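What follows is a single structure, written as structure tokens, with notes after it.
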Number of protein chains: 2
Amino acid sequence: MSTRAYGQYCGFARALETIGERWTLLIVRDLLVGPKRFTDLLRGLPGVPSNVLTARLKELEDAGIVYRRALPRPQRGVVYALSPYGAQLETVVDALGRWGAKNLRDPRPGEAVTPESLVTALRATFQPDAARGVHATFALRVGGVALHARVDDGRIAVAAGAPDDADLVIDAGPGIRALMAGEITPSHAVKAGVVQLRGKKKLLDVFARLFRIDPMPSRATA
Amino acid sequence: MSTRAYGQYCGFARALETIGERWTLLIVRDLLVGPKRFTDLLRGLPGVPSNVLTARLKELEDAGIVYRRALPRPQRGVVYALSPYGAQLETVVDALGRWGAKNLRDPRPGEAVTPESLVTALRATFQPDAARGVHATFALRVGGVALHARVDDGRIAVAAGAPDDADLVIDAGPGIRALMAGEITPSHAVKAGVVQLRGKKKLLDVFARLFRIDPMPSRATA
DNA sequence: CCGGATCCTCGGTGATACTG
DNA sequence: CAGTATCACCGAGGATCCGG
């Protein structure tokens, strides 16, 4: 165990010993989107030193969360993928992503946007109850990053890249957060140029209902 | 921001900047059980240096997660309590506790058991669906620590201390984990002396259904 | 006793350079 | 492409001390 133990016989404390170190959960977040090579992870995690990434991957492998797999024939090299146990961290990552999104305001100077962070954000903010009877594919383009979400009656699949069968294509910037948080209405977002649409433009209302960032609770609600 | 930023415009990354440092989520876990004084936290977190606890509490206060409150009249001093935003970390703490509990085997030498860790474990493993129509109060005593859970038709309230109206009193050791994980049956747990009961002993079956640690997924389920 | 502040040591992190 | 090697530095860990 690289990290110092917390000295408690407790599942929660043990979990923190396993995935509580710096960068670890960000690596898991990226691998939840799909298997990745070492260099892919390096690029998706701006600022992570390569030796730290090496150490974290080894710790995750020792913990049975990640395993190394040889890439299929045409390519060479290895990819890192989540084990079933590691994939079960999705509920944790999504819950933490929802919690953090409430407190998100404007981007800081120089902050990056990666496909993996956007896929996670969309998956975490999805409201299954609001998606009953909805069948639609949304394509998003935010800050030069393309991703898409297929909604299928309460279920969802989010992935990186542009689909060829999108019902609605949304071109946006960081302001899309304000739309998902309900700070601006869909129609106002269109008028103000926060989003630009192609396809079935009326689906933007559906999008705004399906992907919701809950408001910050007021202190008075203590 | 005391912690180094991750450089991503992403709710999840921001959340990790806020609560991702060592000891921080353990402090939140303990405060989820109830407001605590500085010294209470120090005792509940074996090994935390007091200066680190001071720093973490200040960071949590600056982030709007924790606030200091003067203790009511008879006593003096201050307590630290969670803000509404901080209390919303309960879903994260519970999800991580459930995940970690699957991987929990035997205690390591010298590991402590605190009331807060047990309250969290019981709350996190509670199965609301299995509690339909159940009204019962369980008292637990594990490793010298007393706590109780009041189950009320799908809802639960877990707290430290011994109640005066328990339907079933369970006296156990670390082996109670094996019972909750389904590795041993309730009747075998009684026969083997893993648990000792007082009160309505038939409720142990209910207890074992209400508080479940899911099994580790097999690697083959990838 | 409570609620910290101060000092010192050591290990992990971050940055860079380099190699199979 | 996929990592090692090296090193500076900062924050964690541990002990002690201090004001109310």
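Scope of the values below: all heavy atoms of this structure, side chains included, with no hydrogens, waters or symmetry mates. The model shown is predicted, which means the values in this text are computed figures rather than measured ones. Residue numbers start from 1 in every chain, and the chains themselves are labelled A, B, ... in the order their sequence lines are given, proteins ahead of strands.
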Give the rounded distance in Å between these two atoms: [atom1] of [X] and [atom2] of [N].
X       : N      : atom1 : atom2 : value
B:Lys58 : C:dG3  : NZ    : C1'   : 15 Å
A:Arg68 : D:dC1  : CZ    : P     : 16 Å
A:Leu60 : D:dG3  : CG    : P     : 14 Å
B:Trp23 : D:dG14 : CH2   : C1'   : 12 Å
B:Arg56 : C:dG3  : CZ    : C1'   : 18 Å
B:Ile27 : D:dA12 : CD1   : P     : 11 Å
A:Leu57 : D:dG3  : CG    : P     : 8 Å
B:Tyr6  : C:dT13 : OH    : C1'   : 11 Å

Problem - For DNA chain C, the residues among residues 37-50 of chain B that have a non-hydrogen atom under 4.0 Å from it - result: B:Arg37, B:Phe38, B:Thr39, B:Ser50

Exercise for the section: For B:Arg108 and A:Ala5, indicate whether the former's side chain and the latter's backbone hold a donor-acceptor pair under 3.5 Å. Expected result: no

Exercise for the section: Examine distances only and state if a side-chain atom of A:Arg212 and a backbone atom of A:Ala208 form a donor-acceptor pair shorter than 3.5 Å. Expected result: yes

Side-chain donor-acceptor contacts of residues 169-182 of chain B below 3.5 Å, not counting sequence neighbours, with atom names and distances?
| unit_1 | atom_1 | unit_2 | atom_2 | d |
| --- | --- | --- | --- | --- |
| B:Arg177 | NE | B:Leu104 | O | 3.2 |
| B:Arg177 | NH1 | B:Leu104 | O | 3.2 |
| B:Arg177 | NH1 | B:Glu183 | OE2 | 3.4 |
| B:Arg177 | NH2 | B:Glu183 | OE1 | 3.0 |
| B:Arg177 | NH2 | B:Glu183 | OE2 | 3.3 |

Handout entry: Ion pair A:Lys58/A:Asp62, N-O distance below 4.0 Å
Key = yes

Exercise for the section: Inspect the contact between B:Asp94 and B:Arg123 and indicate whether a charged nitrogen and a carboxylate oxygen are less than 4.0 angstrom apart. Expected result: yes

Problem - Contact check, side chains of A:Phe126 and A:Val158, non-hydrogen atoms, under 4.5 Å - result: no

So, is [X] near the phosphate of [N], with a side-chain N or O under 4.0 Å from OP1 or OP2?
X       : N      : answer
A:Arg22 : D:dC10 : no
A:Tyr80 : D:dG3  : yes
B:Arg4  : D:dG11 : no

Exercise for the section: Would you classify A:Thr54 as touching base, sugar-phosphate or nothing, given that sugar-phosphate means primed atoms plus P, OP1 and OP2, and contacts are heavy atoms under 4.0 Å? Expected result: base

Handout entry: Side chain B:Asn51 and base D:dG14 donor-acceptor under 3.5 Å
Key = yes

Practice task
Report yes or no: is the cationic atom of B:Arg22 (NZ for Lys, CZ for Arg) under 6.0 Å from the centre of the six-membered ring of A:Tyr6, at an angle within 45° of the ring normal?
Solution key: yes

